[in-house]
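Numbers here are sequence positions counted from 1.
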Amino acid sequence: NSKDGSLVLTYRPGRFINVSGNVLVSDFDGDVTRAAGLQIDWLPLRVVRLNMNYQHSESDPGPVKSDSVTGYAIWYITKFADIRVTPGYSRREEETTTEIYSLTTNINCRF
């Protein structure tokens with residue numbers, strides 16, 4: 001016995017920015033999960049792209065709460081090379097609280 005419902009809204013206020021939001025409610029045999037999120041993607045310069053994503057969810061019974069913030073910044077150095085920096089943070093509250101921080105950097109070269 002399960003029920004799901006979700007909604008995604010996207011708004012593009014300009015040619016170089018995109019904003020999306022999402023909401024999800026799920027019930028699976030009495031275990032209810034609610035989640036909501038926001039994503040922003042922006043191209044401030046032709047050679048730089050920025051992205052940010054926030055997600056929050058809660059579950060019953062539990063309660064279990066989680067939040068995460070991720071994103072990336074890309075610098076297109078040339079047509080064949082770019083640098084991507086990806087920071088992240090997540091927090092989960094259950095009986096104990098867990099926090100995770102991350103930072104990744106990639107250099108991509110295409111031949």
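No side-chain heavy atom of Trp42 sits under 4.5 Å from any side-chain heavy atom of Met52. Contact of the Gln39 side chain with the Asn18 side chain is not registered, since no non-hydrogen atoms from C-beta on lie closer than 4.5 Å. Considering only heavy atoms from C-beta on, Thr86 stays 4.5 Å or farther from Thr70 through its side chain. In this structure, Leu9 and Tyr11 have side chains that are not in contact, with every pair of non-hydrogen atoms separated by 4.5 Å or more. Contact of the Tyr54 side chain with the Ile40 side chain is not registered, since no non-hydrogen atoms from C-beta on lie closer than 4.5 Å. With contacts defined as side-chain heavy-atom distances shorter than 4.5 Å, the pair Ser20/Asn22 does not qualify.
By the rule that hydrophobic residues join a cluster once side-chain heavy atoms approach within less than 4.5 Å of another member, Val23 and Val19 end up as members of separate clusters. Under the 4.5 Å side-chain heavy-atom criterion for grouping Ile, Leu, Val, Met, Phe, Trp and Tyr, Val48 is connected to Ile83 within one hydrophobic cluster. Both Tyr76 and Tyr72 belong to a single network of hydrophobic side chains, linked directly or stepwise wherever heavy atoms of I, L, V, M, F, W or Y lie under 4.5 Å apart. Note on Val25 and Phe28: separate hydrophobic clusters, where clusters join Ile, Leu, Val, Met, Phe, Trp and Tyr whose side-chain heavy atoms are under 4.5 Å apart, directly or indirectly. Side-chain heavy atoms closer than 4.5 Å link hydrophobic residues (I, L, V, M, F, W, Y) into clusters, and following such links, possibly through other members, connects Leu50 to Trp75.
Taking OG of Ser59 as the reference point, atom CZ of Arg34 lies at 8.0 Å (rounded to 0.5 Å). Distance check, rounded to the nearest 0.5 Å: CD of Glu93 to OG1 of Thr98 gives 10.0 Å. Rounded to the nearest 0.5 Å, atoms CZ (Arg15) and CG (Leu43) are 9.5 Å apart.
In this structure, Asn51 and Asn53 approach most closely via the heavy-atom pair OD1-N, 4.2 Å. Residues Gly30 and Pro61 come closest through the heavy atom pair O-CD, 4.1 Å. Residues Asp27 and Asp4 approach most closely at N-OD1, 4.3 Å, considering heavy atoms.
The environment of Leu103 atom CG is dense: over 12 non-hydrogen atoms of other residues, nucleotides or ligands sit within 6.0 angstrom. Atom CZ of Arg46 is surrounded by 12 or fewer heavy atoms from other residues, nucleotides or ligands within 6.0 Å.
Checked against Asp67 for a side chain to side chain donor-acceptor pair (under 3.5 Å), the options Arg91, Gln55, Arg92, His56 give a single hit: His56.
For Ser6, the side-chain contact (heavy atoms from CB on, under 4.5 Å) partners at least two apart in sequence or on another chain are Leu24. For Tyr89, the side-chain hydrogen bond (donor to acceptor under 3.5 Å, both in side chains) criterion is met by Glu99, not counting sequence neighbours. Looking at residues two or more places apart in sequence or on another chain, you find no salt bridge (charged side-chain N to carboxylate O under 4.0 Å, His left out) involving Arg12.
Side-chain atoms of Ser26 and Thr33 form no donor-acceptor pair, as typed in the model, at a separation below 3.5 Å.
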Could you walk me through whether Asp82 and Arg110 pass side-chain contact (heavy atoms from CB on, under 4.5 Å), step by step? CA-CA 9 Å; Asp82 62 72; Arg110 292 170 287 287; 2.9 Å; yes

